[in-house]
J.: 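First the structure, which I've put down as structure tokens, then a few questions once you've had a look.
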Amino acid sequence: MAKPLDLRVDLGRGLRLRSPVLVASGTFGYGFDAPQVDRAVLGAIVTKGTTLRPRDGNAPNRIAETPSGMLNAIGLQNPGVDHVARVYAPLWSSWDVPVIVNVAGDSVDEYVAVVRRLDGVPGIAGLELNISCPNVANGLQFGVAPDLAAELTSAVRAVTRLPLIVKLTPNVTDIVAVARAVEDAGADALSAINTFVGMAIDVRRRQPMLSRGSGGLSGPAIKPLALHAVWQVASAVRIPVVGIGGITTAGDALEFLLAGAAAVQLGTVNYVRPEAAREVHDGIAAYLEEHGFADPGALPIRSGSVLTHA
Amino acid sequence: MAKPLDLRVDLGRGLRLRSPVLVASGTFGYGFDAPQVDRAVLGAIVTKGTTLRPRDGNAPNRIAETPSGMLNAIGLQNPGVDHVARVYAPLWSSWDVPVIVNVAGDSVDEYVAVVRRLDGVPGIAGLELNISCPNVANGLQFGVAPDLAAELTSAVRAVTRLPLIVKLTPNVTDIVAVARAVEDAGADALSAINTFVGMAIDVRRRQPMLSRGSGGLSGPAIKPLALHAVWQVASAVRIPVVGIGGITTAGDALEFLLAGAAAVQLGTVNYVRPEAAREVHDGIAAYLEEHGFADPGALPIRSGSVLTHA
Amino acid sequence: MTIAVAPAVVVERSVPMAGAVELVLYHPPSAAAVDPGQFFQLAVSAPHTILRRPYSAAWSDPASGRIGFIFNVVGAGSAWLSARHEGHEVDLLGPLGRGFELDGEGPAVCIAGGLGVAVFPGVVQALVARGRKVTMLQGARTAAQLMPASRFAGADVRVATDDGSVGHRGSVMTLFPPPQGEGQGGGVEIFACGPTPMLQASIDAARRQEVPLSSIQVALETPMGCGVGTCLGCAAPQSRGGYLLTCQDGPCVRADRIDWDRMTDEFHG
Amino acid sequence: MTIAVAPAVVVERSVPMAGAVELVLYHPPSAAAVDPGQFFQLAVSAPHTILRRPYSAAWSDPASGRIGFIFNVVGAGSAWLSARHEGHEVDLLGPLGRGFELDGEGPAVCIAGGLGVAVFPGVVQALVARGRKVTMLQGARTAAQLMPASRFAGADVRVATDDGSVGHRGSVMTLFPPPQGEGQGGGVEIFACGPTPMLQASIDAARRQEVPLSSIQVALETPMGCGVGTCLGCAAPQSRGGYLLTCQDGPCVRADRIDWDRMTDEFHG
Ligand SMILES: Cc1cc2nc3c(=O)[nH]c(=O)nc-3n(C[C@H](O)[C@H](O)[C@H](O)COP(=O)(O)OP(=O)(O)OC[C@H]3O[C@@H](n4cnc5c(N)ncnc54)[C@H](O)[C@@H]3O)c2cc1C
Ligand SMILES: Cc1cc2nc3c(=O)[nH]c(=O)nc-3n(C[C@H](O)[C@H](O)[C@H](O)COP(=O)(O)OP(=O)(O)OC[C@H]3O[C@@H](n4cnc5c(N)ncnc54)[C@H](O)[C@@H]3O)c2cc1C
Ligand SMILES: Cc1cc2nc3c(=O)[nH]c(=O)nc-3n(C[C@H](O)[C@H](O)[C@H](O)COP(=O)(O)O)c2cc1C
Ligand SMILES: Cc1cc2nc3c(=O)[nH]c(=O)nc-3n(C[C@H](O)[C@H](O)[C@H](O)COP(=O)(O)O)c2cc1C
Ligand code: FES
Ligand code: FES
């Protein structure tokens, strides 16, 4: 007879979640839509990327399906941090599922301003820093350079007491270097990964499918790449890592937990199978039971550094 | 009435191919297997990665299927350059399809030794440099650092008059920087891309699916990522770019040609649909006819630099 | 409004006109809840696809719990759907978005291009039920591809074909304005569904007849990621700037809400 | 040897034993060319899959141009195959690899674990046709999962079940060595097919009976990328070092060629 199950996870700085299953930024709005998802199984809801001022987002076409995946270039359409803090947060404060606000910006100053506005607002359980945004200063994404990522993280860390998750981009040569820099700069946890930059071309119209040319690839197609990133990062840092990328089943989620993730986020699958969160939650529980583990924390298979193939 | 079609492509230094459809390294052996593929439509055959000494390759398990893709960590199993030059090349010299030897190694010296052995050997039409291999000197892949990649390219360039294609790895922050460095170092053409590093975990056995832990992801899943890499590289260099990654249909191949590729390589699809090469070849021809283009060179839609999404 | 996500059994499969397939699903809650012009996200398990496919309800019958979808095969997803037969299950998510506003006064002119006609059996029925005078303008390449007039009981059906095999030769717009004065300004309301270029043509024609844009309702066609407002992938440019979400603010909207100069068409033209 | 890549029509679908499906394909060239123990790469178009699936020919009949495959559902590809019915097409690539060497002297003992039994109808038939004495040892969880003895005409069939519902209780290895001396060294030849752990058990048992490893032929089961020798994904460790390719040098090999200590099993155990 196995011990009573405990699915709770601790992402640091008091951010304790009842479940290791979260919904990913940009795939659940601000928590007011997708009524058919069963929130009782969610550890937290991560909101759409939020910027200082409201943004209209990119011109259509914004999305395109690809083999086992989809491309998106939404352009951070969002109502702006003030609306989020004034209108949404008060509603969240009465919910039984914590809400983590995903923060985006074009400059360190914008990130800092957004975080300042959110700090201490009731109803906001934590922040997830989307460092995949291009930096207007140099056009480079914050997330691709360890020093830039660290600078941004500590600037934000300095102005908030909220639990801070930094979300890594996979579009780098060495994600571990970025992860370590961000950990040292004060992140409470990491989430990995954001989308991979990709593109599709409409052969009939002879132009890119997306108005922006390129977009971010998500869905099952990227699962093996995301899993490798999480495996590497989890074995290199001491803070919790939230695994993201192509998860659609409990088996997928378990791969990430075995790879060292403390929790997972479901993204694209929310569009397709609202019941996925429930299935993943229950599937993880059943696996723990079956193998006699008391909690998900017992799952990670210790990795050590993984050789790259040749 | 459209002009007579000309599907020939010129990859530089006299490497003129009758067709823009090639088969990719590691997916066609040394050209002696897969009899069911129609060679008449092939511009060239690219061989398995060849090293100085014979290699046994990695222990099983070496491959695993993933959503719309597959992981492999073969470990460069090959008979060694001497066998290739002594036994295979003479046979190739009587073939009507040119054979390009894919070259791999652990050090600049090994690459140079392999290329020296192949230079001037009848039956070898060109070389493709696989710079995705880890450098024993520093463990880093040659292909991830512009300076390493350039050093390797010029060292090889110095010892051969054979057409030299350098094959880029996508596992980098800035593939354009590597492409430019390699172009300046004397590459006649570029091929992009090699596989993306990924992993899969067997949840039942609680260990990685591949004996090496990680492996290279190929197949339709990576097509949008490969296409974006080719789009960026083709708009940044003056030498021809051969597009590779997840191509299974003529439509896929046309996406790469529209993105700026001079030719394409079919990889994983060869395992599944031997008729693919014929279909892609004929489909490209039909598209050119239909749109009144005289040759594939007229296809590229001029890109300029593509903004990354946010 | 409650959105169902549930498997529904195919109770009938037929070919209503050349090149089209009609699937009738049994799902009483949806049949009862759906308004004319609303759509569903149908799950497909075709090779390499992940997203659901958006389809308008062609009609629904709360009494029998049935709901009809009419579509053509354009790719992997619709090919998979067209291979469903009696007894198979199709997972639906919906009803979604906003249908047409049908309670207006005056005569209604419905304009359908291509498979846009799929939405009109239910729309025409509802308009007729409201006692409104309905003219149904339908265009297709050839006679065989026209939806039978019997699907539009109570409406004055006029047809055009590119090959002239029946009705006017030419596009559906050659049927506009229909005779007897409907279409000359004054109270007439236009309902248009079809490829974006056809919607634009309808609007230009209506403008020439001094029909105010606010009296034209169109069903928009954009890519759909989620269908419920979470992915922001279905943006359509608004005349007042920014974008509306086709899946929530549409697919049926009044023409004056859209900035037609910025409106794109990924799938036709 | 010519390898066909072609669509073949399903002419029969049945359930030969509990939990298994048998598909009979009509493809005269393959039916004529295949040797017992060879396999085919069957194309599947299941969601998110790309690779073909390797399946042994269970039997073939050159006269009628038919070839049989017997399998169980373990994942997406086999689920897709099990949903094929009469009239459907399945694209096959083969015959591939090497079958068993059947021309030896002396009595033959066939050992089947799980679906490894699928290869034996054709193998037993060929052995019997060569006038060899054949003992067929088959194991399964329960009686219903055993392949009917009628599939092994001319062989002395002995069965074991984990639940003892018929025959010996326990694994198929409890049937080895069979009585009447076969299996005691001297000229007996063993043909084994099943999960790698079962192959290893057969080898240990045979060793104990002083059957030389060279008199044991096994059908290897490794992942298959291409099935034709180009991907190098089907490596099996050789006793003389390095690896052989299961798809070319196998799947049927003599046990002494394999380094069993380095042999892995991805799919069972
Ligand atoms: C609100 C709405 C209602 C619709 N109602 C109908 C209907 O009643 N009957 C009908 O025949 N068609 C209808 N369509 C179009 C239908 O959704 C597409 O034909 C279908 O999605 C094509 O999928 P596919 O996999 O066969 O094609 P593919 O081209 O393989 O699809 C690739 C991707 O593009 C998307 N896509 C392709 N064409 C369209 C399109 N025209 N509109 C939106 N997305 C598209 C697909 O959903 C998928 O994500 C409607 C579209 C919308 C937005
Ligand atoms: C030479 C050979 C002959 C075979 N003959 C038979 C037979 O006659 N009857 C039968 O029931 N099974 C047979 N198998 C096993 C059969 O190939 C697998 O059961 C099948 O590939 C599972 O595919 P799936 O998509 O249903 O399972 P999934 O687990 O979804 O497959 C995922 C991937 O793993 C591979 N895989 C999974 N299990 C196996 C396995 N046991 N061996 C090799 N690859 C596997 C699949 O091919 C696929 O690439 C044979 C295997 C080999 C190598
Ligand atoms: C349409 C869409 C919009 C997204 N918007 C954001 C965003 O605003 N901020 C962010 O950090 N990630 C965003 N993401 C990335 C997801 O949160 C997630 O990291 C990615 O989709 C990979 O997970 P998946 O494969 O499960 O979808 C978005 C993804 C999609 C598909
Ligand atoms: C099993 C396998 C082995 C490969 N071996 C090599 C190799 O030896 N050298 C090389 O440069 N690329 C190798 N590749 C990479 C392919 O040449 C190609 O770049 C990659 O598979 C992407 O193309 P695809 O998606 O069409 O397969 C290999 C790929 C596979 C699947
Ligand atoms: S389709 Fe996702 S927001 Fe409209
Ligand atoms: S399966 Fe590809 S080499 Fe054997």
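Keep in mind that what you see is a predicted model, and the values were worked out from it rather than measured. Chain letters run A, B, ... following the sequence lines, proteins first, then strands; residues in each count from 1.
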J.: Measuring heavy-atom distances to chain C, does A:T268 have an atom under 4.5 Å in its side chain, in its backbone, in both, or in neither?
T.: side chain

J.: Which atoms of A:P60 are under 4.5 Å from chain C, going by heavy atoms: the side chain, the backbone, both sets, or neither?
T.: both

J.: Applying a criterion of heavy atom separation less than 4.5 Å, what residues of residues 39-51 of chain C form contacts with chain A?
T.: C:H48, C:T49, C:I50, C:L51

J.: So for C:L93, is it side chain, backbone, both, or neither that comes closer than 4.5 Å to the heavy atoms of chain A?
T.: side chain

J.: Heavy atoms only: give me the nearest A:A34-C:T230 pair and the separation to one decimal.
T.: CB-CG2, 4.1 Å

J.: Relative to chain C, which of A:P220, A:A64, A:G69, A:G219 shows the most heavy atom pairs under 4.5 Å?
T.: A:G69

J.: Side chain, backbone, both or neither: which part of C:M263 has an atom under 4.5 Å from a heavy atom of chain A?
T.: neither

J.: How close do C:V5 and A:P274 get, heavy atom to heavy atom, and via which atoms?
T.: CG2-CD, 4.0 Å

J.: So, does A:R62 use its side chain to make a donor-acceptor pair with the main chain of C:C234 at under 3.5 Å?
T.: no

J.: Tell me, for A:E275 versus chain C, whether the close heavy atoms (under 4.5 Å) come from the side chain, the backbone, both or neither.
T.: side chain

J.: Can a salt bridge be assigned to the pair C:R53 and A:E65 using a cut-off of 4.0 Å between side-chain N and carboxylate O?
T.: yes

J.: Do C:Q248 and A:D33 have side chains that get closer than 4.5 Å, going by heavy atoms?
T.: yes

J.: Under 4.5 Å heavy-atom distance to chain C, tell me which part of A:T27 shows up: side chain, backbone, both or neither.
T.: backbone

J.: Work out which heavy atom in C:C226 is nearest to a heavy atom in A:Y271; give both atom names and the distance.
T.: CB-CD2, 3.4 Å

J.: Crowded around A:R53 CZ? As in, over 12 foreign heavy atoms under 6.0 Å?
T.: no

J.: For the residue pair C:D91 and A:R273, establish whether any side-chain heavy-atom pair is separated by less than 4.5 Å.
T.: no

J.: Flag yes if more than 12 heavy atoms outside C:R141 fall under 6.0 Å of its CZ atom; otherwise flag no.
T.: no

J.: With a 4.5 angstrom heavy-atom cut-off, is it the side chain or the backbone of A:D202 that approaches chain C, or both, or neither?
T.: side chain

J.: Do you know the tightest heavy-atom contact between A:I74 and C:C231?
T.: CD1-O, 3.3 Å

